[in-house]
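What follows is a set of notes on a single structure, which appears directly below.
Lettering of chains follows the sequences in order, A, B, ..., and the numbering in each one begins at 1.
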Amino acid sequence: MSGERSRSLDPESIPRHFDAEAAEERWDARWQQDGTYHYDPSRPREETFVVDTPPPTASGSLHLGHIFSYTHTDILVRYQRMRGRNIFYPMGWDDNGLPTERRVQNYYHVRCDPGRHYEEGLRLEPASAKQRKERPRQVSRANFIELCDLVTKEDEKAFKSLWTRLGLSVDWRQEYATIDDHCRRVAQLSFRDLWEKGHAYTVHAPTLWDVDFQCAIAQAEVEDREKGGAYHDVEFGVEGSDRGFVISTTRPELLPACVGVTAHPDDERYRDLFGKRAVTPLFHVPVPIFPSEKADPEKGTGILMVCTFGDATDVQWWREEGLALRQLVGRDGRLAAVRFGADGYESLKPDEANRRYGELAGKSVAAARTAVVEQLRQAEGSATGNGPPLRAEPRPIQHAVKFYEKGDRPLEFVPTRQWFVRLLDQKEALLRKGREIEWHPAHMEKRYADWTEGLAFDWGISRQRYFGVPIPVWYPLDADGRPDFDAPIVAAADVLPVDPVDAVPPGYEEAQRDQPGGFRADPDVFDTWFTSSMTPQIASHWALDPERHATLFPADVRPQGQDIIRTWAFYTIAKALLHEDVIPWKHVAVSGWILDPDRKKMSKSKGNVITPMPLLEQYTADGVRYWAGSARLGVDTAIDEKVFKVGKRLVTKIFNASKFVLSQTAERHPIASELDRAFVAELRRLVEQATKSFEAFDHAHALMETESFFWSRFTDTYLELVKARARDDDPAAAPDRGSAVAALRLGLDVQLRLLAPFLPYVTEEVWSWLLAEETGHASVHRAPWPDAESLAHVEPPAGDESFAAAVAALAAINKAKADAEVGMGREVESLTLRATPRSLANLEPVLADVLAAGRCLEHALEPDDGCEEGTFAVENPTFAEKR
RNA sequence: AGGCACGUAGCUCAGUGGCUAGAGCGCCGCCUUGACACGGCGGAGGUCGGCGGUUCGAGCCCGCCCGUGCCUACCA
């Protein structure tokens, strides 16, 4: 050896405490400036790792759930980056949809009128109190979208600053918003492709309808809510007979919309009625009585009325039995004005029917219900002539009612014209694709499969909203001005994105808009999922840049929450299937829920949302990331401040231990002492385990193993054991000292790399002190992930047990000091170590380090076969006086 | 009602059929040590939800039950 000394850190140059907030700001700026997280488009697909980042709802509130799942993704990404992968990690903003619409309507006091044309240069100020009292200003869809853009830009800033503070290693050059031109183009191209392939169709049919938003809803947006209701027992008559029967209904207001009556074919009570006609009370409408397997003899009275439309089964019966259509509930949720006795509204007593219905028309569903019940109660003479048609007072029940997930009133089935994507004929293919994808945890695939198997409707993709991607379609109008829905004009690929309200279809002129013989624009927009189901293709520039698409699609991983498996994951898989018959990504990583300390799911409606910034300030970004990183994928996790605290403690410990290790200096010598070689062997096992865990998408396990090693194998043990040797000034001890300093530094280097994906700030901070220069890797986040190979230059230890023996012997000495209630720094004048001969043999090559760490002056060894293998007992210790 | 997951120390969680079931926090006691008192050392703390089965051996596998969460179904 040349006598050259290792470079070292002047501990005086390092602040006493780690200023995390300053470090976060400094490193965020530095990473941006250096392009540390930039994607390199020149590298091939095999070296690239593509993340299909969830675009957060820009107008949504920030809460801890965001931190949780996005941190999981970032940890995985940072690991892959250190493995040498070229990371494609974009960020999108999901800004179209209802939440933004509502905010913009309030903020500017405007309403969107899709029939209007774009006003160039329209600039609005936030509405004043005076303006709010006036009628809202009507603006075109394009202007409305501009306003939405303005508002969401602010929300995006808030998210971006949170993501930056949290240390997400996103490439901010790859940013998109689901309403921007590029996303609109991709969504409309998607529609074109589906139309050309025959997967998209338009039809006028009963559809799930929200009466407040006056908008169609897809199956995936429906949720059940337990609501109070009541069974109303209502007597019906039988045509040409003095018989009657009683049905039980929870929706008496639909009585005037009754178009049939059904019971189970085997039900003895009603068998003789099949084929006859029932007569409804109050309205005296004769309706067919037919048998149906779907009627449950156990429910209610076993016989029930079929209305247009009370529920999904009514829609089915209506189709299968060819029943009449009496659509009373309108798009606004109020009963329409109709006349009984007129075409399609047969009644045996039209005058009475119209008198009664006149009291209902124009009423909301709820108000009509009250009114009908009163009529049923008051009406004279039931069919059988014994009392009013309401045979008993309503019996309250609790039952599930379908709601739009963002809605306030129950959904209705209303016949409207909508666009659909055929999915029912794709179930098998969808299930196959689901099985091709690797789900983490694996059981999440079952959720997807369950949903897919339970699919009851095709995907309704048109929405009667404004802030969304317009459906790029016009309809030709015939000589009477009626649209031909069977021959839609779909905009050509090269004019996209297009708003058909402003653009004119080929072969027409603007003057022909809405004129007989002219054309009419489709005023609707796509379901927001229609766009967000394209996030992998949005990033890869599908259908626009084949070369980029080939490099970035399919993606490697889709991180997401379990609540949107049936929407985002499902629709994304469907789109990739329908467009290119491929899977959109190889892996899905599903994060669990955040639960509040009472184990309730955190949600805005429960009011138990925790905002992340105060936690970041109190526990540092690394501390918060530690909390997220310690939770496995798919496992629901309670918010527990203890865990944040532990994370912060780990950050502090890393800071202090690094300061110590890097300030040691010695002549350069190879790692040759037994304890040092034994430590490196332990380190090597850790590297193998952590790598294996990461490869299995188990970041939490990798963190646990690394953290546990750091405390119990490094700072509490190895570091204490070599401390004295690392500072030994005796020239004869130079090789041993050099070995110690080299091993300490290697140990720190490796552990910093293993912890870097979890704790990017503190690891980068201490890395920058010395290791950046020594290793030639300016950022620990671009340094290679350690592997067994990188530790192969250190000779394996002579014995497998020497490290464990050293740790156990030191623990025994520590315990002797604790028992004697003296400090760990106290010198031991003499002691006897008793252990099995084998344990003593294991201890022999590392004994000097143990005695130095225990500050033992005189010692004796006592072989004893009676001892437990691997343990040491300290006997007759005598302690020096306190210095 | 069906499905999936979970149930381990006071709390939060590890645990690959194989020694006496682990960690951290919290609790108790002790220690100013030279990287760190934002620290260290030691200790107490368990019927692994219950019952049965398979096995030489079960926290782990199988069956039933109880509890929790979620998904799906349930609107007459």
Can you check whether any acceptor in the base of B/C36 is under 3.5 Å from a donor in the side chain of A/Lys653, or vice versa?
-> yes
Report yes or no: do A/Ser591 and A/His72 form a side-chain donor-acceptor pair below 3.5 Å?
-> yes
Side-chain atoms of A/Glu821 come closest, of B/C75, B/C30, B/A35, to B/C30
Are A/Lys723 and A/Glu720 ion-paired here, with the side-chain N under 4.0 Å from a carboxylate O?
-> yes
Between B/C74, B/G40, B/G42, spot the one nearest the side chain of A/Asp716, thanks.
-> B/G40
Expressed in whole Å, how much space separates the C1' atoms belonging to B/A73 and B/G3?
-> 10 Å
P atoms of B/U55 and B/U47, separation to the nearest Å | 29 Å
Length of the line joining A/Leu650:CG and B/C36:C1', which is rounded to integer Å | 13 Å
Just jot down the salt bridge (Lys or Arg N to Asp or Glu O under 4.0 Å) partners of A/Glu438, sequence neighbours excluded, or say none.
-> none
Hey, does the side-chain of A/Asp636 have a donor or acceptor N/O within less than 3.5 Å of a partner on the base of B/C6?
-> no
How close or far is atom P of B/G24 from atom CG of A/Leu703, stated in whole angstroms?
-> 14 Å
Below 3.5 Å, does any donor atom in the side chain of A/His17 face an acceptor in the base of B/C38, or the other way round?
-> yes
Closest to the side chain of A/His399, out of B/C11, B/G42, B/C75, is B/C75
Euclidean distance, atom CE of residue A/Met444 to atom C1' of B/G3 [Å, nearest integer] | 14 Å
Any side-chain N or O of A/Arg447 less than 4.0 Å from the OP1 or OP2 oxygen of B/C70?
-> no
Is the shortest side-chain N/O distance from A/Lys723 to OP1 or OP2 of B/A35 below 4.0 Å?
-> yes
Which nucleotide in the set B/C36, B/C11, B/C25 lies at the smallest distance from any side-chain heavy atom of A/Asp640?
-> B/C11
If we ignore angles and hydrogens, is there a donor and acceptor under 3.5 Å between the side chains of A/Tyr626 and A/Glu707?
-> yes
Between B/C13, B/G40, B/U20, spot the one nearest the side chain of A/Glu868, thanks.
-> B/U20
Checking B/U72, B/C25, B/A73 against the side chain of A/Trp451 (C-beta onward), the nearest is B/U72
Salt bridge present between A/Arg225 and A/Glu223 (N-O < 4.0 angstrom) | yes
Could you measure between the two C1' atoms, the one in B/G22 and the one in B/G59, and give it in whole Å?
-> 12 Å
Name of the residue among A/Asp729, A/Asp849, A/Asp728 meeting salt bridge (Lys or Arg N to Asp or Glu O under 4.0 Å) with A/Arg737 | A/Asp729
Identified stems (criterion: three or more consecutive Watson-Crick or G-U pairs, under 3.5 Å), RNA chain B | B:1-7 with B:66-72, B:10-13 with B:22-25, B:27-31 with B:39-43, B:49-53 with B:61-65
Tell me whether the OP1 or OP2 atom of B/C75 has a side-chain N or O from A/Lys299 closer than 4.0 Å.
-> yes
Atom pairs, N/O to N/O, protein against nucleotides 14-16 of chain B, distance under 3.5 Å?
{"residue": "B/A14", "atom": "OP1", "partner": "A/Arg632", "partner atom": "NE", "Å": "2.7"}
{"residue": "B/A14", "atom": "OP1", "partner": "A/Arg632", "partner atom": "NH2", "Å": "2.4"}

Does any N or O donor sit under 3.5 Å from an N or O acceptor when you compare the side chain of A/Lys402 with the base of B/C75?
-> no
Counting only side-chain N and O atoms of A/Arg727, is one of them less than 4.0 Å from OP1 or OP2 of B/U33?
-> no
Rounded to the Å, how far apart are A/Lys642 NZ and B/C11 P?
-> 9 Å
